[in-house]
Amino acid sequence: MQRYNPKEIEPKWQKIWEDSKIYEADNSSDKPKKYILEYFPYPSGAAMHVGHVRNYTIGDAMARFYRMQGFNVLHPMGWDAFGLPAENYAIKNNISPQTAIKENTGKFKQQLMQMGFSYDWSREINSSDPSYYKWTQWFFQLLFERGLAYQKESLQWWCEHDKTVLANEQVEAGKCWRCGNSVSKKSLNQWFFKITDYAERLADDLEKLDWPDGVKAMQRNWIGKSKGAEVDFRVEDANGVIRVFTTRPDTLFGATFIVLAPEHPLIDTLVTDSEKIKVEEYIKTSVQKSEIERQETDRDKTGVFTGSYAINPVNNAKVPIWVADYVLPGYGTGAIMAVPAHDERDYDFAKKFDLQIIEVVQKPEGFEGCYSGEGLMVSSNHYNGLSSSDAREKIVSDLSSQGAAEEKINYKIRDWLISRQRYWGAPIPIIHCQKDGAVAVPKDQLPVVLPEVESFQPTGDGRSVLASIPEWVYTTCPKCGGPAQRETDTMDGFACSSWYFLRFADPHSDNEPFSKDKVKYWLPVDDYIGGAEHAVMHLLYARMWTKVMFDSNLIEFDEPFLKLRNQGMILAPDGRKMSKSWGNVIAPDDIIAQGYGADSVRLMELFIGPWDQSAAWSIEGMGGVFRFLQRVWTLVQEYLASEKGHIDTRALHQSIHRTIQKVTVDISEMSFNTAIAALMECVNELYKIKSVDKYSSEGWQNSLETLVQLTAPFAPHIAEEMWAQLECEGSVHASDWPIWSDDYLVVETMKIAVQVNGKLRAQLVLPSESDEEEVIAAARSDEKIKKYLTTEPEKVIYVAGRLINFVV
RNA sequence: GGGCGAGUGGCGGAAUUGGUAUACGCGACGGACUUAAAAUCCGUUGGUCUAAAAACCUUGUGGGUUCAAGUCCCACCUUGCCCACCA
């Protein structure tokens, strides 16, 4: 008997699948379409480990399942090749990024191939290829034309290690998201995408998405919509006005001082001579303070009095104006009214500097300290007795009529900074002309090709290495023909990934980014699978670009990913994250080399637990899934070797049909671990049944074919091999998904649990067609139950086919 | 401080959404086959008390609702991730 040897069959089928192109998606088909996408990887130096592979295993199981279910499936793969990971790898290994990408995509592709994933490789894309970034630049121009790309000199996050600026989203707790080093601020002239224009739609449209609540919450939080009002405080003895933003205008009567951010432009005119030295000193130290330090929440409040006063518009109260760095310059107006009785931060500040505290919102009974909730108004003149929310509206409308306030919605989100002072990215397609300013490179001259350079080491002077290639930099203005210089910064890698899912619909088009028809057919993405780390970066950017394209009539939908799911992380067997420094990384290559094969790795990835929860990799568990495959294999081999002519029992068909149902429902619900458990259970049952049936009938042939089909989405190689052994037509992966028959789901007997007062006391096996009366009669005559039923039960509860409960 | 999740045998995890808790797998133990081991196959396996049966206990803790709670409600404990002086 032939032994199960994955080392032999897996490469064989991979070759056959590749040659026969069975996974290529058809751009026109009568079948319903399904676009299943996993986030395309950045091919860094390190090979993929079993954690990365899980993501692709999930997508592949679904792609295969839906294909067999009669869908026209698009399941593509490509490379997010531009950006820091690739460039850093190149620098470290002293090779060019071009070479590094070639090496690394080759390695990644080989890893994906050996896993037997059913990608349509004819659609492979690479974001660092001119044929791709030509269109990334084209979209930059689209944004530029629409006023959504602009240049601004400003202080920005700067990573000294990676020698580039970073977007807000790419700074995590004061550290660079790539290298983990602390970041600082640097003033540079930078390009931005105006994502703030889309803040409201990005927040509102989350409603219509089938995404994990956590990701939606993160985006909502990041966009940070808050409704409030801007209120003007007149400066006493001067003409100036200080405009503050507040979400709680109802607490205006409790405002006892004003706080300006140290960067606030009015400070100069407000400071009195006596306070000048102290204020200047304070501003100097707080600006020098590292941003991280300034953002420490539990840091003691600091601040200084300006010597000036402002007038509270609701009651003409004179309130002191302070400067403190707990007020951020970039949000709202950079100035606040402080209400210490009802805001924790203002309370701390008032306590420390001994400022007045006035309560205007009634606290709940027994509440101590600063109260930030809602309630009835007190000490607020004619607003007394109103609820906070009513007072809020009334005060704002009253002040508005005097021109002293207006309703205002603020967002925390800032525009997306996309300039990178690095070599390895799509050049920003702009030419700077003395006369015409920033001029877009005409679309018919795209791509602006990234020139090959000798050294791509970042300079650190705030300009990319492209600045050191005069023959590239110096050019002529497309508008006036005069001398001009190219923009030398490149685009953030996230620009490339903001539209790649569209390119897969039409990956080789040379005269447009994609054909409208093809995109209309394939998009939006039906199932998107990726890590939660993309919650506020890629997923926000891609949504914005999609909306821009929608507004430009390029596409007919304004959300790219209808359904999003985050896979759980695979930890090392020791429970820690896999990392080179811990030395606990497990690559699929190692497991395959040990002889388990890709099919076992794939099964393990899904069987280890719910796919959306993290789990520690189990080395022992590999034996379990391998054993399962081997048991299926053995069933088929023994069947093929058996003498024909026996009959099969109903138990066989019942087992198979029950499994068809369970596996079909479970995969549809993405409950892969229980689908695999059901297959294991079925195989265990078949082992028992085979000794009775001697398995050699046509029923067994059909049953084994079905079992092979049900296994195919998870373990495609062994399934394909057994499909061939059973002499079935074509590929199992192109076969029709089995359908269960309800006849076989009918069982002859049912098991009834008998409870007395909710406690299980006996179990009965009765004919399935028994009615309530018969079941109760049978239960009452049971010896064990009789013991408990000394008196007539008060109540009898019967759950059909399940249980009976006597209440005594 | 805010948001989202999680807590079930020795371990990873199931549980028809309120109806027989511990499916499936790992590990462990026993048996068959073998000169022997591995592999394979067949059993047993939540705990206490037992010779055994019976009984009792058991889904982080404490309450509650219900004929019935891992599941629903309230309070608390532990833990993971994300955001965090955004007025």
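Being a predicted model, the structure only gives us computed values, none of them experimental. Letters go in sequence order (proteins before strands), and every chain restarts at 1.
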Check: Pick one for B:G63: is it syn, with its angle within 90° of 0, or anti?
Finding: anti
Check: With A:Asn684, which residues qualify under side chain to side chain donor-acceptor pair (under 3.5 Å), at least two apart?
Finding: A:Arg631
Next item on the list: Indicate, with a heavy-atom threshold strictly under 4.0 Å, whether A:Gln763 touches base, sugar-phosphate, or nothing.
Entry: base
Next item on the list: For B:A55, take OP1 and OP2 only and decide whether either is under 4.0 Å from a side-chain N or O of A:Tyr788.
Entry: yes
Note to self: Checking A:Phe233 now: which residues fulfil ring pair (Phe, Tyr, Trp, His ring centres under 6.0 Å) with it, not counting sequence neighbours?
What the structure shows: none
Note to self: Rounded to whole Å, please give me the gap between CE in A:Met569 and C1' in B:C4.
What the structure shows: 15 Å
Notebook entry, point to check: Listed by chain and number, what are the side-chain contact (heavy atoms from CB on, under 4.5 Å) partners of A:Ile358, not counting sequence neighbours?
Noted result: A:Thr256, A:Gln356, A:Val360
Note to self: Using whole Å, what does the distance between atom C1' of nucleotide B:G1 and atom CG of A:Asp343 come to?
What the structure shows: 12 Å
Check: Looking for any heavy atom pair under 4.0 Å, which part of the strands does A:Tyr4 touch: base, sugar-phosphate only, or nothing?
Finding: nothing
Check: Roughly, in whole Å, what's the span from NZ in A:Lys412 to P in B:C82?
Finding: 17 Å
Checklist line | Pairing residues for A:Pro767 by the side-chain contact (heavy atoms from CB on, under 4.5 Å) criterion, not counting sequence neighbours | finding: A:Glu769, A:Ser770
Checklist line | Below 4.0 Å: OP1/OP2 of B:G25 and any side-chain N or O of A:Arg631 | finding: no
Notebook entry, point to check: Taking syn as any angle within 90 degrees of 0 and anti as the rest, which one fits B:U59?
Noted result: anti
Next item on the list: Pick base, sugar-phosphate or nothing for A:Arg220, based on heavy-atom distances below 4.0 Å to the nucleic acid.
Entry: nothing
Item checked: Residues which pass side-chain contact (heavy atoms from CB on, under 4.5 Å) with A:Gln755, listed by chain and number, not counting sequence neighbours -> A:Leu803, A:Asn805
Next item on the list: May I ask you to verify if any side-chain N or O of A:Arg627 is less than 4.0 angstrom from the OP1 or OP2 atom of B:C26?
Entry: yes
Check: In what stems does RNA chain B take part, counting only runs of at least 3 consecutive Watson-Crick or G-U pairs whose two distances fall under 3.5 Å?
Finding: B:1-7 with B:77-83, B:10-12 with B:24-26, B:27-32 with B:40-45, B:46-48 with B:55-57, B:60-64 with B:72-76
Margin query: Output the rounded distance in Å from CZ (A:Arg761) to P (B:A53).
Written below: 17 Å
Next item on the list: Establish whether the base of B:C4 is bridged to the side chain of A:Lys216 by a donor-acceptor pair shorter than 3.5 Å.
Entry: no
Item checked: By side-chain contact (heavy atoms from CB on, under 4.5 Å) - contacts of A:Ala615 (at least two apart) -> A:Ile608
Margin query: Can a side-chain donor-acceptor contact be found between A:Arg658 and A:Tyr744 if the only test is distance below 3.5 angstrom?
Written below: no
Next item on the list: Find out whether A:Asp612 and A:Met670 are in side-chain contact, i.e. whether some heavy atom of one side chain is under 4.5 Å from a heavy atom of the other.
Entry: no
Check: According to the salt bridge (Lys or Arg N to Asp or Glu O under 4.0 Å) rule, which pairs have a member within residues 665-677 of chain A, sequence neighbours left out?
Finding: A:Lys662-A:Asp666
Notebook entry, point to check: By side chain to side chain donor-acceptor pair (under 3.5 Å), which residues pair with A:Asp232, not counting sequence neighbours?
Noted result: A:Arg243
Item checked: ring pair (Phe, Tyr, Trp, His ring centres under 6.0 Å) against A:Tyr798, all qualifying residues, sequence neighbours excluded -> none
Check: Does the side chain of A:Asn566 get closer than 4.0 angstrom to OP1 or OP2 of B:G5 through an N or O atom?
Finding: no
Next item on the list: Measure from OH on A:Tyr687 to P on B:C24 and round the result to the nearest Å.
Entry: 16 Å
Check: Counting any heavy atom closer than 4.0 Å, what does A:Tyr411 reach on the DNA or RNA strands: base, sugar-phosphate only, or nothing?
Finding: nothing
Check: Which letters describe nucleotides 65-74 of chain B, given B = protein heavy atom under 4.0 Å from base, S = only from sugar-phosphate, - = neither?
Finding: --B-------
Margin query: Can you measure A:Met537 atom CE to B:C83 atom P for me and round it to whole angstrom units?
Written below: 8 Å
Next item on the list: Using a 4.0 Å heavy-atom cut-off across all strands, classify A:Asp348 as base, sugar-phosphate, or nothing.
Entry: nothing
Check: What's the verdict on side chain to side chain contact (heavy atoms under 4.5 Å, CB included) for A:His534 and A:Tyr39, showing C-alpha distance, side-chain angles and the deciding distance?
Finding: CA-CA 9 Å; A:His534 291 119; A:Tyr39 188 95; 3.6 Å; yes
Next item on the list: Sugar-phosphate means primed atoms, P, OP1 and OP2; the rest is base. With that split, encode nucleotides 10-17 of chain B 5' to 3' as B, S or - using protein heavy atoms under 4.0 Å.
Entry: --BSS-B-
